[in-house]
Number of protein chains: 2
Amino acid sequence: MRADAKRNYDKIVEVAREMFREKGYDASLDEIAKRAGVGPGTLYRHFPTRENLIDAVLQSWVDRVNDTADKALAREGTDRDVLLAWFEEYVALISQHRGGPAKITSAMDDPASPIRPKCQVLAGANDRVLDQLRGRGALRPGVESVQVCRLVGGIATVADQSGLEQSAVRPLLEVVADGLLHP
Amino acid sequence: MRADAKRNYDKIVEVAREMFREKGYDASLDEIAKRAGVGPGTLYRHFPTRENLIDAVLQSWVDRVNDTADKALAREGTDRDVLLAWFEEYVALISQHRGGPAKITSAMDDPASPIRPKCQVLAGANDRVLDQLRGRGALRPGVESVQVCRLVGGIATVADQSGLEQSAVRPLLEVVADGLLHP
DNA sequence: ACCTGAACACCGTTCAAGT
DNA sequence: ACCTGAACACCGTTCAAGT
């Protein structure tokens, strides 16, 4: 990659990260190009779709996902506490930007989505946490990891779109946790 | 209302219902006006926002909501069966059009949404079903109706956005039901 | 090889001109 | 009183012309 191309690429990603934080994942690509000081054509060759740009912005995110799961695996407490703490972190991870919960949750199932590999990292992290609980006999039989991603992702999506406080999200996560753990 | 105004109004609603069925709730308003044979200005005076148009399309929907709840209240079976059957009908009611689950679920909490009154009818219907189960001592303490709307609405939203089959939705509803019913 | 920016198609919205 | 349709602002996307 030529030096000026790399400079443009990096600047676009930097500006996109800011804009997504301010306006959510549906921020105007035109304005991102403008603020990055490049023509719209430059943005489009580097990132043919919006999802390609999101993918670049999520570069360091996968590390944070794995770190968070590691901490969850080392946590002390009842099975319910461990599961709920992980759920809250799961919600936080995908709710970083407005529109994130919906985008990330639906990309998990979409083979055509450029961000799917990164979403699968989150699904894998969720898998590891559930497996530990399964090993302790804490989970009901038949609980699949992908279902948990959809349940918690659904709650995060509603919270995101309704602007719910974290205190309103917690009881929803508790219902799901109680439905997953052995009675 | 003048005769030609009423004729235009009705035609727009009729075409909108078709378009929403085909393309979902984010169908082009421009094309709706075009197919209805009116200028864009005419559509905008009758329906200043997209939600006003959706509200008109949902006119007969509230009756169907109440009928569905009545049937759920009269159903035989275990508490779990009754609750799950209602959940499946709840999902079907809000998933009629693409984008419906997200729109209806978030409008419940939004005092500024024109469709809020109609969404409240659904919330009220859900209330009645839950109250019956509460009367039988089936529900855990502290379960609020609005939380159930958010949980089931969240599942429907994910299913809508990921194009999930009904057979993939069922186990998610079961987790929520198990989390709500007495262990 | 890469960038620019004009040009295009589409969308929602407004409003002056008509009947 | 109501309708029309041109006009505008904004968006994503393409591509011929430049360096």
Side-chain angles (χ1 to χ4, degrees), chain A residues 1-57 97-100 102-103 106-107 110 112-115, chain B residues 1-57 97-100 102-103 106-107 110 112-115:
Chain A
M1 198 187 257
R2 231 166 60 180
D4 56 343
K6 171 152 178 48
R7 212 177 335 112
N8 281 334
Y9 181 100
D10 291 341
K11 182 70 181 169
I12 289 169
V13 173
E14 181 197 325
V15 170
R17 192 172 284 122
E18 288 171 30
M19 285 283 292
F20 289 157
R21 191 152 25 95
E22 284 173 35
K23 309 270 186 178
Y25 276 133
D26 53 351
S28 159
L29 298 179
D30 227 56
E31 197 175 336
I32 291 174
K34 211 159 287 175
R35 290 207 202 179
V38 303
T42 303
L43 190 150
Y44 274 82
R45 195 156 27 71
H46 286 306
F47 310 100
T49 75
R50 176 184 297 270
E51 302 236 307
N52 281 308
L53 181 54
I54 293 176
D55 186 64
V57 166
H97 306 292
R98 236 171 318 139
K103 193 136 282 189
S106 67
D110 178 10
S113 169
I115 66 170
Chain B
M1 198 187 256
R2 230 165 61 178
D4 57 341
K6 170 151 179 51
R7 212 177 337 114
N8 281 335
Y9 182 101
D10 291 340
K11 181 71 180 169
I12 290 169
V13 173
E14 181 197 324
V15 170
R17 191 171 285 122
E18 287 170 30
M19 285 283 291
F20 288 157
R21 191 153 23 97
E22 285 172 36
K23 309 270 186 178
Y25 276 134
D26 52 352
S28 159
L29 298 180
D30 227 54
E31 198 176 335
I32 291 174
K34 210 159 286 174
R35 290 208 202 178
V38 302
T42 302
L43 190 152
Y44 273 82
R45 197 156 25 73
H46 285 308
F47 309 101
T49 77
R50 177 184 295 271
E51 302 235 309
N52 282 62
L53 181 54
I54 293 175
D55 186 63
V57 165
H97 306 293
R98 235 174 317 141
K103 193 136 284 191
S106 67
D110 178 9
S113 169
I115 66 170

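Each chain gets a letter, A, B and so on, in the order its sequence line appears, and its residues count up from 1.
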Give me the distances for all protein-to-nucleotides 16-18 of chain C N/O pairs that come in under 3.5 Å?
none

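- Helical stems of DNA chain D (runs of at least 3 Watson-Crick or G-U pairs, donor-acceptor distances under 3.5 Å) are listed by first residue: C:4-8 with D:12-16, C:12-16 with D:4-8.
- Summarising the geometry, the separation between CG on B/Leu43 and P on C/dC11 is reported as 13 Å, rounded to the nearest angstrom.
- Contacts with DNA chain D (heavy atom under 4.0 Å) in residues 11-35 of chain A: A/Ala27, A/Ser28, A/Leu29, A/Asp30, listed by number.
- Counting heavy atoms from C-beta outward, A/Leu29 and A/Ile32 have side chains that approach closer than 4.5 Å.
- When rounded to the nearest whole Å, the span between OH of A/Tyr44 and C1' of D/dT13 equals 6 Å.
- Considering only side-chain atoms of A/Arg50, the nucleotide from C/dA6, D/dG12, C/dT14 that sits closest is D/dG12.
- For residues 43-54 of chain B, the pairs satisfying side chain to side chain donor-acceptor pair (under 3.5 Å) are B/Thr49-B/Asn52, B/Glu51-B/Ser113, with sequence neighbours left out.
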What pairs of nitrogen or oxygen atoms, one from the protein and one from nucleotides 1-3 of chain D, lie under 3.5 Å apart?
from  : atom 1 : to      : atom 2 : distance (Å)
D/dA1 : N3     : B/Arg2  : NH1    : 3.1
D/dC2 : OP1    : B/Arg2  : N      : 3.4
D/dC3 : OP1    : B/Asn8  : ND2    : 2.6
D/dC3 : OP2    : B/Arg45 : NH2    : 2.9

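- Regarding A/Leu53, its CG atom lies at a distance of 16 Å from the C1' atom of D/dC11, rounded to whole Å.
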Atom pairs and distances, side-chain donor-acceptor, residues 36-43 of chain A, under 3.5 Å, sequence neighbours left out:
none

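- Here the NE2 atom belonging to B/His97 is positioned 7.5 Å from the CZ atom belonging to B/Arg17, to the nearest 0.5 angstrom.
- Atoms NZ and CD, from B/Lys23 and B/Glu18 in turn, are 12.5 Å apart once rounded to the nearest 0.5 Å.
- Within the structure, every pair that satisfies the side chain to side chain donor-acceptor pair (under 3.5 Å) test and touches residues 24-34 of chain B, not counting sequence neighbours, is listed here: B/Glu31-B/Arg35.
- Summarising the geometry of A/Ala56 relative to A/Val13, their closest heavy-atom pair is CB-CG2, 3.9 Å, with the distance given to 0.1 Å.
- Taken from CZ in A/Phe47 to CD1 in A/Ile54, the straight-line distance is 11.5 Å, to the nearest 0.5 Å.
- Remark: A/Asp10 engages A/Lys6 in a salt bridge (Lys or Arg N to Asp or Glu O under 4.0 Å) (not counting sequence neighbours).
- B/Lys11 places none of its side-chain heavy atoms less than 4.5 Å from the side chain of B/Arg7.
- Legend: residues meeting side chain to side chain contact (heavy atoms under 4.5 Å, CB included) with B/Ala102, ordered by chain and number and at least two apart, are A/Gln161, B/Thr157, B/Gln161.
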